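Report on one structure; see the data block that follows.
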Amino acid sequence: MLWSFLLFLGAAPPLGVFANPLATKRWSDLVEKHSWAEIPRGWEYVRSPDPEHILEMRIGLKQNKINELISSLYQISDPKHDRYGKHLSKQEADALVAPHPDSAEAVESWLSDHGFKTDDITFRSGGGEWIVIPMTVSQAEAMLGAKYELYRHSLSSSYVVRTLSYSLPRELHNHINMVSPTTYFGTLRSMKATHFIQSNSFGEEKGFTLSPEAVPPSSCATQITPACLKVLYNTSGYVPQATDVNVLGIAGYLDEFANRADLQTFFTAFLPEAVGTSFDTITVNNGGDNQSDPGVEANLDIQYTEGMSFPTPNIYYSTGGSPPFNPDSETPTDTNEPYLDWLNFVLSQDTIPQTITTSYGDDEQTVPNDFAVSVCNLFAELGVRGTTVLFSSGDLGVGGGDCLTNDGTDTVLFQPDFPASCPFVTAVGGTVGINPEVAVDFSGGGFSRYFPTPDYQVEAVNSFLEGLGDTFSGLFNSSGRAYPDVAAQSENFIVIIGGEAFLVGGTSASSPTTAGVISLLNDFRLSNGQSSLGFINPLIYANPGGFNDIVSGSNPGCGTQGFSAGIGWDPVTGLGTPDFLKLQAIVSA
Ligand SMILES: *[C@@H]1O[C@H](CO)[C@@H](O)[C@H](O)[C@H]1NC(C)=O
Ligand SMILES: *[C@@H]1O[C@H](CO)[C@@H](O)[C@H](O)[C@H]1NC(C)=O
Ligand SMILES: *[C@@H]1O[C@H](CO)[C@@H](O)[C@H](O)[C@H]1NC(C)=O
């Protein structure tokens, strides 16, 4: 992780080597930053870690002009605004997210007081607002008034070293957004990968007859292939033209490896013209690429992004942070912070894929608010750079399990998903069936408790809420960011895994499918000399006619029937499923 650190050493103000006794008082007045009322559900205390265990501490400094970045994002994404489509370069975006010199000075003085030097920083983002500095558990505990413990996740048996609370010197609350790893327990293993193998197809029913013949639409009711999706979403007749500049990216985590041999088998069966072509894999933060270990999620993602967008180049990002890790071994890092590491990597690049899809998420309430806001702002930065960021909306309807809150009150509330609940991403829900397409019953949807309703969706959401009346009153926050924004097919996708065909479902299928359609729209614009679409939500809420409205089905959960799909936007299928031809007319303006 040395890429931009090297550039920055020269520019950064030097840190003092000697602790200053007066400064010590300045940094000892600790005020709580974030705490949990209880050990996050699913985790259990194991024991105290070795005090010498190394944590790769990520510090997010307050971005001095973040409000200007967000207002720029809204202007650049508003089709009626003069700035529409005028995305920012890396240098322009970095200038907006750079910390105020006072913030940089204060943080460096704090680090210096604890004995760190500039050389100890192993990563500094382009704007200088993110730094990574390794430190021992005992150093982190002293600096953050924290108590790190080793915790184990009961289901996945992954281990993390985390604290139930952390503090910062009073003065630094104005200068630091978040420090990690601290209270975010969500790890690679416990993050919900929103895919599942449909049980009736795993094992005995594997091994479909693969035929290169065009799939007759009637078979699409039981088995989805790229040909089905192209017909459903009207992309069949479109030939990509801008393949020299347009790129579709897939963010992968959880040691999910996209398999190149399986893609060839998939191409042979369903897209013969693509045989012999492949995708690029970029590994981030020691991510792997084990071609003997094909991932269900990874193969689903790459086979359907390729299936929809071929011959558009695709990039699969494999981000590491690999559990299980032994907290007392010499393994020097505890890096289960996947979004942060991937985002900091991709934002450090001069060019970024114009469309990126991600099929992973967490319950919003398990992500500390400061962490969620910081990550959400990084998605805004991707938008301002011209990238459309798509996320699966989740596979648990309005919430899975008992839906109890983790604030110590054990209240039942609908449980929104993050990052789908971030207003700067496009969240994709699920449908099933053809003629008509209806909402699938697991389609994640609802209202954020962290992020307010953004202007672009106020009208659509209010209209839904009026129809809803008092139903589920108190179970969700009607002034929160509502999702999903759109939807696509989510069941019975044929995926090749280890040479054999399986049926796979989940909103994990919907997001890559939609990303494929958006990527073709980006191709269309780029080949016409226009900009990429970037953050697409303001455009699509202003043009709901670009989508097939889904008007039946619901997303039960938390012991309720869940929300119902109906005419107009709803928190089950959003605006509906994409109609490429209608969207093409909309985005050509
Ligand atoms: C790759 O995956 C295979 C199959 O799971 C496993 O046996 C092998 O050890 C893995 N290789 C590495 C280098 O992790
Ligand atoms: C509801 O959402 C708003 C906007 O995000 C937030 O300010 C408020 O705290 C939330 N209320 C509850 C009870 O979660
Ligand atoms: C897209 O295809 C559907 C049939 O799958 C059709 O009903 C619809 O009119 C098409 N849209 C356009 C703009 O042609």
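On a predicted model such as this, the values are computed, not experimentally measured, just so you know. Atoms within a ligand are numbered from 1 in the order they appear, just like the ligands themselves.
For ligand 2, the atoms sitting less than 4.0 Å from at least one non-hydrogen atom of Phe451 are 5 (O), numbered in the order shown with element in parentheses. Remark: ligand 2 atoms within the under-4.0 Å shell around heavy atoms of Asn477 are 1 (C), 2 (O), 3 (C), 8 (C), 10 (C), 11 (N), 12 (C), 14 (O). Residue Tyr450 approaches ligand 2 through these ligand atoms, each under 4.0 Å from one of its heavy atoms: 5 (O). Near Ser479, the atoms of ligand 2 lying under 4.0 angstrom from a non-hydrogen atom of the residue are 1 (C), 2 (O), 3 (C), 4 (C). In summary, the atoms of ligand 2 found under 4.0 Å from a heavy atom of Arg449, numbered by their order in the structure, are 14 (O).
Of the inter-residue distances, the one linking Asp570 atom CG with Ser554 atom OG reads 10.5 Å to the nearest 0.5 angstrom.
Using a 4.0 Å cutoff on heavy atoms, Phe447 does not count as a contact of ligand 2.
Side-chain polar atoms of Asn64 and Glu129 form no donor-acceptor pair below 3.5 angstrom.
The shortest N or O to N or O distance between Ser448 and ligand 2 is not under 3.5 Å. Taking only nitrogen or oxygen atoms, main chain and side chain alike, Pro452 reaches within less than 3.5 Å of ligand 2.
Under the side-chain hydrogen bond (donor to acceptor under 3.5 Å, both in side chains) criterion, Gln75 pairs with Arg83, sequence neighbours left out.
At a threshold of 4.0 Å, the pair Asp410-Arg41 counts as salt-bridged, since one of the basic side-chain nitrogens sits closer than that to a carboxylate oxygen.
A donor-acceptor pair under 3.5 Å is formed between the side chain of Asn299 and the backbone N or O of Ile496.
For Phe472 and Phe414, the distance between ring centers is under 6.0 angstrom. For Phe266 and Tyr304, the ring centers sit closer than 6.0 Å to each other. Tyr159 has its ring centre no less than 6.0 Å from the ring centre of Tyr151.
Contact residues of ligand 1 (protein heavy atom closer than 4.0 angstrom to a ligand atom; sorted by chain and number): Asn290, Ser292, Asp293.
Atom CG of Asp455 has 12 or fewer neighbouring heavy atoms from other residues, nucleotides or ligands inside a 6.0 Å radius.
A perpendicular orientation is assigned to the rings of Phe379 and Tyr339, their planes being inclined by more than 60° (bins at 30° and 60°).
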